[in-house]
Amino acid sequence: MSTVDPRHSIFPEWLRKGLDGLYLVSGWLAGLFLIAIFLIMLALSAGRPLGIDVPAGDDFASWAMAASAFLGLAHTFRSGEMIRVGLLVERFTGRTRQMVEIFALLVGSAAALYFAWYAFDMNVTSWRFNDLAQGVIAMPLWIPQMGFSGGLIILAVAMTDELLHVLFGGSPRYEKPPAETAEEVIERAMQSGA
């Protein structure tokens, strides 16, 4: 039996703190884009009866929505709030469970890397060809696409980070420990929206 803490990182402490900071900053950026959506929609709604036009407000709201959704993925994954194959994985224990976790993380990491690569390629292609938005404001498309591709890249890093951690014997850090009290069960259910 190993004496290593199963939640300990295989990476040096400075790298672990850097990666955790990246995931946290990504989550905060997702939250800021969510606030931007609220402010844009408020300006659009309040401006209509007052005769104030917000140029390309719908475009900016949709770009902020994409950035918020994709930048929030890595933080959501690391916080244990992402939908997973928990119903299947929780049926196993010991070495079998570790192998199932590794398989799930391998498939998830491969998918995240695949989508991140093509999102990055789309971003670079838009920049090279100077693609412009078709809306009222001719904004270079690579700018709003950065939230989408950046979020996928950070998710791919987070999933690969977790895959390496579990491969080297650690227990998944995205799993929350079992609830110990009835109040904790109720609190988790309320947080998850159940």
Side-chain angles (χ1 to χ4, degrees), residues 5-43 57 59-86 89 101 104-124 139 141-167 170-179 184-194:
D5 177 13
R7 296 208 177 261
H8 181 69
S9 177
I10 61 166
F11 298 121
E13 188 174 338
W14 63 269
L15 183 56
R16 174 79 274 134
K17 284 183 179 179
L19 288 171
D20 289 342
L22 174 66
Y23 310 143
L24 183 62
V25 167
S26 180
W28 277 100
L29 285 173
L32 289 175
F33 277 108
L34 198 59
I35 293 169
I37 295 167
F38 168 73
L39 294 175
I40 293 167
M41 296 308 291
L42 188 64
D59 292 340
F60 285 109
S62 63
W63 293 332
M65 190 179 316
S68 178
F70 285 93
L71 285 170
L73 288 174
H75 186 264
T76 304
F77 171 71
R78 285 303 303 271
S79 300
E81 299 296 333
M82 189 173 275
I83 297 172
R84 315 178 25 241
V85 290
V89 174
E101 287 279 3
L105 284 167
L106 193 61
V107 171
S109 296
L113 286 165
Y114 176 83
F115 288 117
W117 173 260
Y118 282 102
F120 177 75
D121 184 53
M122 177 187 69
N123 213 181
V124 169
M139 174 181 277
L141 274 179
W142 65 269
I143 295 171
Q145 288 173 350
M146 283 176 53
F148 164 65
S149 60
L152 283 172
I153 290 168
I154 296 169
L155 175 65
V157 168
M159 292 195 82
T160 305
D161 170 17
E162 198 63 27
L163 172 64
L164 291 172
H165 175 73
V166 175
L167 268 174
S171 62
R173 290 172 292 204
Y174 50 77
E175 282 188 348
K176 295 180 179 178
E184 198 174 341
V185 170
I186 293 168
E187 181 67 30
R188 285 187 186 179
M190 288 172 41
Q191 287 177 349
S192 70

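The first residue in the sequence is number 1, and the count goes up from there.
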Donor-acceptor contact below 3.5 Å, side chain Glu162 vs main chain Arg173: yes

Donor-acceptor under 3.5 Å (Ser68 side chain, Ala30 main chain):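 At least one qualifying donor-acceptor pair exists.
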
Using a 4.5 Å cut-off on heavy atoms from C-beta on, say whether the side chain of [Y] contacts that of [X].
| X | Y | result |
| --- | --- | --- |
| Phe120 | Val124 | yes |
| Leu42 | Phe38 | yes |
| Met139 | Asp59 | no |
| Val157 | Tyr23 | yes |
| Ile154 | Leu73 | no |

Which atom of [X] lies closest to which atom of [Y], heavy atoms considered:
| X | Y | result |
| --- | --- | --- |
| Ser171 | Val166 | C-CG2, 4.5 Å |
| Ala156 | Ala116 | CB-CB, 4.1 Å |
| Leu152 | Phe115 | CD1-O, 3.9 Å |
| Trp142 | Asn123 | O-ND2, 3.0 Å |
| Ala158 | Phe77 | O-CE2, 3.8 Å |
| Trp63 | Pro144 | CG-CB, 3.4 Å |

To the nearest 0.5 angstrom, please state how far the [atom1] atom of [X] sits from the [atom2] atom of [Y].
| X | Y | atom1 | atom2 | answer |
| --- | --- | --- | --- | --- |
| His165 | Thr160 | NE2 | OG1 | 14.5 Å |
| Leu15 | Leu22 | CG | CG | 10.5 Å |
| Ile153 | Phe148 | CD1 | CZ | 10.0 Å |
| Glu101 | Leu163 | CD | CG | 11.0 Å |
| Ile40 | Phe33 | CD1 | CZ | 9.5 Å |
| Leu24 | Arg78 | CG | CZ | 11.0 Å |

